[in-house]
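The structure appears below as structure tokens.
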Amino acid sequence: MTATPSTAPGPGTTPGTGTTSGPGTASDPESAVKSPPTVPRSAKEPETRPRRRSAPYVLTVLLVAALALGALLSAGIGSYEIPLGDVVSSVQHRIGLGGESLGRVGESVLWNVRLPRVTLAVLVGASLGCAGALMQGVFGNPLAEPGVIGISSGAAVGAVGAIALGLSFFGNWTVTFCAFVAGLITVLVVYSLSRSGGRTEVVTLILTGIALNAFAGALIGLFLFFADNAQVTQITFWQLGSLSAATWPKVLAVLPCALAGLLVAPFYARRLDLLALGERPARHLGVDVERLRVVLILVVALLTAAAVAVAGIVSFVGLLVPHLLRMAAGPGHRFLVPGSAVGGALVLVVADLTARTVAAPAELPLGVLTALVGSPFFFFLLRRTRRKQGGWA
């Protein structure tokens with residue numbers, strides 16, 4: 001009989017297994033100390049997620065704080081200077097929290113001139129910013145704005161027509177009323193013309209809005225042709241956008257429309273997030289896409305027509321603010337919709353303050369200022385996005 005030789009564990013061999021363990025394996029105590037354990041990639045990801053999730057909250061706090069500070073500064077800066085502390089003291093005095101009155105002149109300037117203008121700037125800016133975020137969500141395009149479907153142009157036709165024809169059936173509210181009604185009629189006409197077979201195609205809606213914008217421009221040109229010199233001056237100044245005629249009655253006129261739209265819009269944020277996945281996936285997830293578009297387009301019409309009716313045409317606020325916030329905090333509409341409202345209010349407060357102080361004692365048209373600043377910045381964003389994506393294919 002031949003005896004089977006027994007294999008003794010040699011150096012580098014694990015007893016009982018017959019496998020060789022070289023340096024760097026778990027059986028080598030020195031290598032276990034020298035080589036740190038490899039951390040899976042998935043374990044590192046949660047460290048960055050809280051920072052991304054906290055971005056909307058940080059931006060919200062910063063935007064609200066900046067808006068409050070900008071509103072107080074705008075209320076105090078002007079040809080009649082009011083220190084920031086006096087503005088706060090007067091506000092506290094009016095609401096019964098102590099403070100002191102500023103005297104007859106100071107109180108009149110602050111409460112009859114400055115604060116109505118600041119409040120109107122907040123409402124108009126918030127309406128335009130929120131309307132822009134809704135438009136971009138409905139059309140699935142981060143470069144969309146309310147003017148795409150002709151709301152601004154339609155409201156302009158109503159206001160210009162009221163001025164050129166000398167209408168006065170509502171007194172001082174005639175121009176505002178005509179602008180608001182014309183804006184709502186415009187969006188209903190555009191939507192009905194682009195609806196076919198119980199559905200509305202986004203491309204058809206946008207193209208119809210572009211055609212109606214051109215038609216509205218022609219009507220405005222006709223009104224200007226038949227208007228006299230005084231009416232032409234009034235129409236031109238209104239078309240350029242301004243808050244110089246702000247009063248508390250105008251604030252109260254736009255307040256219900258602005259609040260209604262701003263309060264309704266956030267309730268559709270989740271459905272807008274689902275719509276961003278595409279129409280078919282959104283329908284499978286229970287979203288009535290057609291009804292969602294109808295409701296949100298009406299909300300956009302309400303917000304935009306109310307803003308244009310009291311401030312004229314102010315461009316680029318509803319386009320740039322949602323786009324910038326989307327770049328900073330992502331596409332989630334639960335932050336984007338209310339954040340765009342706050343951001344739009346901040347932009348318009350700062351723009352109005354700049355418009356009435358940069359060329360004092362003259363005042364720049366607000367719409368011209370926003371277009372001068374917004375159009376080059378928007379061109380920069382277009383170039384930047386195109387370069388990052390490698391083209392628009």
Side-chain angles (χ1 to χ4, degrees), residues 45-77 83-92 94-95 97-99 114-115 117-137 142 251 255 258-273 276 299 303 307 314 316-354 370 373-374 377 381 384:
E45 291 178 357
E47 297 178 3
T48 59
R49 286 178 183 171
R51 296 181 183 177
R52 295 177 182 176
R53 291 177 180 175
S54 64
Y57 302 102
V58 173
L59 279 175
T60 301
V61 173
L62 292 177
L63 287 173
V64 172
L67 176 59
L69 179 60
L72 292 175
L73 290 175
S74 182
I77 297 175
L84 181 61
D86 292 346
V87 174
V88 177
S89 179
S90 178
V91 173
Q92 290 177 339
R94 285 293 183 108
I95 62 178
L97 295 178
R114 301 273 176 80
L115 286 181
R117 184 163 182 162
V118 172
T119 306
L120 196 61
V122 170
L123 291 176
V124 171
S127 298
L128 293 176
C130 182
L134 294 178
M135 284 286 295
Q136 293 173 10
V251 171
L255 184 62
L259 283 183
L262 293 174
L263 291 177
V264 168
F267 289 100
Y268 291 89
R270 181 178 176 275
R271 275 169 273 191
L272 284 174
D273 288 337
V299 173
L303 292 171
V314 181
F316 284 103
V317 176
L319 181 66
L320 290 181
V321 172
H323 189 68
L324 291 175
L325 291 181
R326 185 180 287 104
M327 292 171 59
H333 287 86
R334 280 183 291 182
F335 162 74
L336 194 61
V337 172
S340 297
V342 179
L346 173 61
V347 167
L348 211 64
V349 166
V350 174
D352 181 59
L353 175 61
T354 305
T370 57
V373 176
F377 190 61
L381 292 177
R384 179 176 179 271

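- With rounding to the nearest 0.5 angstrom, the CG atom of Leu84 is 5.5 Å from the CG atom of Leu73.
- The shortest non-hydrogen separation linking Ala121 to Val349 is CB-CG2, 4.0 Å.
- A 4.5 Å side-chain heavy-atom check between Val342 and Thr60 finds every atom pair outside the cut-off.
- For the residue pair Gly343 and Val321, the shortest heavy atom distance occurs at C-CG1, 3.8 Å.
- Residue Arg94 places its CZ atom among more than 12 non-hydrogen atoms of other residues, nucleotides or ligands, all under 6.0 Å distant.
- Note: Leu262 CG to Leu123 CG = 8.0 Å, rounded to the nearest 0.5 Å.
- The two residues Ala307 and Ser127 come nearest to each other via the heavy atoms CB-CB, 4.3 Å.
- Of the inter-residue distances, the one linking Leu69 atom CG with Ser74 atom OG reads 11.0 Å to the nearest 0.5 angstrom.
- Here Arg114 contributes atom CZ and Ile77 contributes atom CD1; the two are 8.5 Å apart, rounded to the nearest 0.5 Å.
- Phe316 CZ: more than 12 foreign heavy atoms inside a 6.0 Å radius.
- Using a 4.5 Å heavy-atom cutoff, the side chains of Phe335 and Leu325 are in contact.
- A pairwise comparison of heavy atoms in Ala75 and Val87 identifies CB-CG1, 4.2 Å as the closest pair.
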*Could you check Leu272 against Leu336 for side chain to side chain contact (heavy atoms under 4.5 Å, CB included), going step by step and ending with a plain yes or no?*
CA-CA 11 Å; Leu272 284 174; Leu336 194 61; over 6 Å; no

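- Checked by atom type and distance alone, the side chain of Asp273 never pairs as donor or acceptor with a backbone atom of Gly332 at under 3.5 Å.
- At distances below 3.5 Å, at least one donor-acceptor pair connects side-chain atoms of Thr119 with backbone N or O atoms of Leu115.
- Contact between Val317 and Val314 at its shortest, heavy atoms only, is CG2-CG1, 4.0 Å.
- Leu59 approaches Ala328 most closely through the heavy-atom pair CD1-CB, 3.8 Å.
- One finds the CG atom of Leu324 at 9.0 Å from the CG atom of Leu319 (value rounded to the nearest 0.5 Å).
- Expressed to the nearest 0.5 Å, how far CZ of Arg334 lies from CZ of Arg270 amounts to 8.5 Å.
- The side chain to side chain contact (heavy atoms under 4.5 Å, CB included) test applied to Val350 returns Leu346, Thr354, not counting sequence neighbours.
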